[in-house]
Chemist: 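Dropping a structure here in structure tokens format, bear with me for questions.
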Amino acid sequence: MTDDWRNGIAQWLVDGSCLYAIAWGTECEKWHDAVDWAVLETFDYGDIPDEKFVMTTWHSDEPMSEALWFAGNCAFHPDVELQRTVILHVATQAKPDELIAIYAASQILSDD
């Protein structure tokens, strides 16, 4: 994908009230940075209201299941209660059922 396309998606996330973006997979650091830049641009590089600040993390050296576990168990916003998790999967093939199953399985805490 191009940087412009990635930046457009990042801006779409920010415009859609995304408050926590967790990036995983190929070039996840670029996704992380794109969301950070979109927030800065949205507020003209000035003060960002606390309730509009977007938390971002990237998980380049972890399996997908661990990044999804983090999303469900560790991601929080200091000023706004997060209401839902949205999985945005950018790939050549859609796998919604598989991704939802991986997310659901990642939320189950094991005794190990």
Chemist: Do V90 and W24 belong together in a cluster built from hydrophobic side chains that touch within less than 4.5 Å?
Modeler: no
Chemist: Please give me the minimum heavy-atom distance between A75 and I22, naming the atom from each residue.
Modeler: CB-CD1, 4.0 Å
Chemist: Closest approach of A23 and C28, non-hydrogen atoms and distance?
Modeler: CB-O, 3.3 Å
Chemist: How close do L13 and V35 get, heavy atom to heavy atom, and via which atoms?
Modeler: CD1-CG2, 4.4 Å
Chemist: Could you check if a side-chain atom of K30 sits within less than 4.5 angstrom of a side-chain atom of W58, using non-hydrogen atoms only?
Modeler: no
Chemist: Under the side chain to side chain donor-acceptor pair (under 3.5 Å) test, which residues partner H32, sequence neighbours left out?
Modeler: T56
Chemist: Mind listing the closest non-hydrogen atom pair of Y20 and V54 along with its distance?
Modeler: N-CG1, 4.1 Å
Chemist: Before you tell me yes or no, could you show the steps for L40 and I48 under side-chain contact (heavy atoms from CB on, under 4.5 Å), namely the whole-Å CA-CA distance, both residues' side-chain angles and the distance that decides it to 0.1 Å?
Modeler: CA-CA 8 Å; L40 290 170; I48 301 167; 4.2 Å; yes
Chemist: Quick check for you: to the nearest 0.5 Å, what is the distance between Q11 atom CD and T42 atom OG1?
Modeler: 4.0 Å
Chemist: Group every Ile, Leu, Val, Met, Phe, Trp and Tyr by side-chain heavy-atom contacts under 4.5 Å, then state whether F76 and V39 land in the same group.
Modeler: no
Chemist: Following the transitive rule for hydrophobic clusters with a side-chain heavy-atom cut-off under 4.5 Å over Ile, Leu, Val, Met, Phe, Trp and Tyr, establish whether W37 and W12 coincide in one cluster.
Modeler: yes
Chemist: Measuring only between side-chain heavy atoms, which start at C-beta, is M55 closer than 4.5 Å to P78?
Modeler: yes
Chemist: So, taking the atom named CZ in F53 and the one named CG in D36, what distance separates them when rounded to the nearest 0.5 Å?
Modeler: 7.0 Å
Chemist: Considering only residues two or more places apart or on different chains, which pairs with a residue in residues 88-102 satisfy side chain to side chain donor-acceptor pair (under 3.5 Å)?
Modeler: none
Chemist: Any side-chain heavy atom of L19 sitting closer than 4.5 Å to one from E51?
Modeler: no
Chemist: Do R6 and I9 touch side chain to side chain, with heavy atoms closer than 4.5 Å?
Modeler: no
